Trainee: 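Provided herewith is a single structure, encoded as structure tokens, for subsequent inquiry.
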Amino acid sequence: MKSPLVQLRPLLSLLADGGMHSGESLGVALGISRAAVWKQLQKLGQYGLALESVKGHGYCLRGGLDLLSAEKIHAVLGTRSRALLHKLILRDEVDSTNAQLLTLMEAGTGHAVVMFAEHQRTGRGRRGRRWVSPYGAGILLSVGWEFSGGVQSLEGLSLSVGVALARALARFEVPGVRLKWPNDIWCRGRKLAGVLLELKGDLTDRCGVVIGIGLNSGLRDQSAGAIDQPWADLQRICPGIPRNLLAATILDEMLPLLKDYPEQGFHAYRDAWAALDQFAGQSVVLQSGAETWCGTAVGVDNKGALILDMAGELKYFHGGEVSLRGQV
Ligand code: BTN
């Protein structure tokens, strides 16, 4: 069954320019009646799209939409990424791109497959959180990759992906990008993007990893209200970065990283991570379940574990349920 969003795509493509369109002109362009246009317009609100109607003039999407296009992403992708990429899938709406990629990995068809979505119904974040994924308002990306060396060879991978994201943002000269252990990309002290790794297969041998990336870009106020932590948005910091170019640039950093990771490991990214460490040398509180630890964050080890200096005693924290915030 077609999802309603797929049916709305032709209408959204017309409204994407942000200009005013009469019901009549939309009907002519879509080959449907004005009543049918009106019905479709009513549905846009469900997806957090701010439709404005001006009596006697028509309808517009304030600010327009910069829609993703597989052709445009392909066209600007670097040569190496193009060679590494097996398949690029673009969806209007999915439950979660990570969930979709995990299914492909299970079927043995997910390696080097990339999926972008315009909207996720149940976007997944770390620690059971949801990732707020309104239509056309960011990068919602999952990449499937198979590794033969088991989970051991993946140590520090999620932190390295953070470095890759920071490098992609640096190509657009985005100011104030930092990394917050373990998986967050911050900008000017707020969360801009997050990384969620999910695994499938034999964790001691051949295993599949789905690398999920969510990045806020073009969040509308109404949707942003649902985010339960301080957030940043790329369009508000650096307006005008084309989404398709941003998507391709992220792939240009990510795909070579994944290909080379078994040989390079976190070793190749540790210094870069340290240089972007949001909390380096600061007093922090770490929480895991009911337990908390206070100390000074003194960087990460070769495996990507956070090192906390607790009154001269060094304690190492691996991923999972640990969260970190600056001490007040
Ligand atoms: C975090 O909690 O910081 C991680 C967020 C990861 C969100 C992305 S959006 C694309 C991919 N699909 C999902 O369901 N989650 C990840």
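Every number for a ligand or one of its atoms is a count from 1 in the order of the listing. Counting begins at 1 with the first residue of the sequence. These figures come from a predicted structure and were not determined experimentally.
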Trainee: For residues F266 and W273, establish whether the separation of their ring centroids is below 6.0 Å.
Mentor: no
Trainee: Looking at D184, which atoms of ligand 1 are within less than 4.0 Å of one of its heavy atoms?
Mentor: 3 (O)
Trainee: If you round to the nearest 0.5 Å, how far is CD of E71 from CD1 of I73?
Mentor: 9.0 Å
Trainee: Note the single closest protein heavy atom to atom 7 (C) of ligand 1, along with its residue, its atom name and the distance in Å.
Mentor: R124 O, 3.3 Å
Trainee: Side chain or backbone of Q120 under 4.0 Å from ligand 1, or both, or neither, by non-hydrogen atoms?
Mentor: side chain
Trainee: Heavy-atom distance under 4.5 Å between the side chains of F116 and L251, does that happen here?
Mentor: yes
Trainee: Indicate, as side chain, backbone, both or neither, the part of N183 found under 4.0 angstrom from ligand 1 when only non-hydrogen atoms are considered.
Mentor: neither
Trainee: Pairing donors with acceptors under 3.5 angstrom, does anything connect the side chains of D252 and S81?
Mentor: yes
Trainee: Atom CZ of R236 and atom CG of L219: how far apart are they, to the nearest 0.5 Å?
Mentor: 6.5 Å
Trainee: Does ligand 1 have a heavy atom under 4.0 Å from the side chain of K191, from its backbone, from both, or from neither?
Mentor: side chain
Trainee: Quick one: which ligand 1 atoms are inside 4.0 Å of a heavy atom on N98?
Mentor: 11 (C), 12 (N), 13 (C), 16 (C)
Trainee: Applying side chain to side chain contact (heavy atoms under 4.5 Å, CB included) to L67 and Y135, what does each step give before you reach the verdict?
Mentor: CA-CA 9 Å; L67 293 172; Y135 190 87; 3.7 Å; yes
Trainee: Give the atoms of ligand 1, by number and element, whose distance to some non-hydrogen atom of L141 is under 4.0 Å.
Mentor: 10 (C), 11 (C)
Trainee: Can you find an N/O atom of W131 closer than 3.5 Å to an N/O atom of ligand 1?
Mentor: no
Trainee: What's the shortest distance from atom 2 (O) of ligand 1 to any protein heavy atom, and which residue and atom give it?
Mentor: R126 N, 2.6 Å
Trainee: Taking only Lys NZ, Arg NE, NH1 and NH2, and the carboxylate oxygens of Asp or Glu, determine whether D260 and R80 approach each other closer than 4.0 Å.
Mentor: yes
Trainee: Under 4.0 Å from a heavy atom of S142: which atoms of ligand 1 are those, numbered in the order shown and with their elements?
Mentor: 11 (C), 12 (N)
Trainee: Among all protein heavy atoms, pick the one closest to atom 11 (C) of ligand 1 and tell me residue, atom and distance.
Mentor: T97 OG1, 3.2 Å
Trainee: Evaluate the side-chain proximity of I185 to L169: yes if any heavy-atom separation is below 4.5 Å, no if none is.
Mentor: yes
Trainee: Enumerate the atoms of ligand 1 whose separation from the nearest heavy atom of G123 is less than 4.0 angstrom.
Mentor: 14 (O)
